[in-house]
Amino acid sequence: MSRFPKALNEQIAYEFAASQQYVAIAVYYDGQTLPQLAAHFYRQAVEERNHAMMMVQYLLDSDDPVAIPGVEAPTTSFTNVVTPVALALEQERRVTAQIADLVKLAREEGDLVGEQFLHWFLQEQREEVSSMSALLAVVTRARKNVMLVEEYLARESGGEEPLEAGAPPAAGGAL
Ligand SMILES: [Fe+2]
Ligand SMILES: [Fe+2]
């Protein structure tokens with residue numbers, strides 16, 4: 001297998017791991033009876049799963065080997081309501097760096113089709129880092145009264161995400 005499809009297979013594991021981490025965060029908030037925060041992270045988990053399946057579809061389309069990976073166990077216990085969001089932001093920043101490295105690799109390999117496939121993911125990362133930074137600011141400011149965060153999310157969520165229109169196809173269909 002050449003380097004780009006191999007690296008993209010590795011990224012599938014990171015996307016599934018991100019999904020699993022968001023499920024863990026959602027369950028933590030659900031256990032704290034914070035339904036808006038829980039719903040937010042349940043949705044993020046589905047998005048990350050879709051990212052993985054978009055990469056699976058790309059590899060299927062390009063006739064490259066694709067293997068569904070096992071993933072690293074997520075962090076499941078948190079000391080307060082702020083730390084899960086801080087962890088999530090750290091994760092999004094890490095994924096942004098990973099996607100940027102994939103773009104560089106595709107470029108090095110002269111794989112312009114692969115590079116173009118990743119452009120949507122670069123946009124998506126910019127959006128996710130930005131919205132997670134905003135949520136971290138809100139949760140940090142309202143840590144003593146988390147119900148304000150719940151109200152914020154109830155107000156802000158629900159808008160259709162503009163990026164979804166141009167998203168690459170996901171294997172089996174996006175959820
Ligand atoms: Fe992702
Ligand atoms: Fe993400």
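For ligands, and for the atoms within them, numbers begin at 1 and follow the listed sequence. Just so you know, these numbers come straight off a predicted model, no measurement behind them.
- Using cut-offs of 30° and 60° on the angle between ring planes, the pair Phe121 and His51 is perpendicular.
- Counting heavy-atom neighbours within 6.0 Å of Glu108 CD, excluding the residue itself, gives a total above 12.
- Shortest distance from the Fe ion (ligand 1) to His51 is reached at ND1 (N/O/S atoms only).
- Seen from the Fe ion (ligand 2), atom OE1 of Glu128 and atom OE2 of Glu92 lie 100° apart in angle, a value rounded to 10°.
- If you look at Glu15 and ask which of its N, O or S atoms sits nearest the Fe ion (ligand 1), the answer is OE1.
- No hydrogens or angles considered: nothing links the side chains of Glu48 and Gln44 as a donor-acceptor pair under 3.5 Å.
- Among the backbone and side-chain atoms of Glu48, an N/O/S atom is found under 2.8 Å from the Fe ion (ligand 2).
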Exercise for review: Show the numbers, then the answer: is there a side-chain contact (heavy atoms from CB on, under 4.5 Å) between Val113 and Tyr58?
Suggested key: CA-CA 10 Å; Val113 174; Tyr58 175 87; 4.0 Å; yes
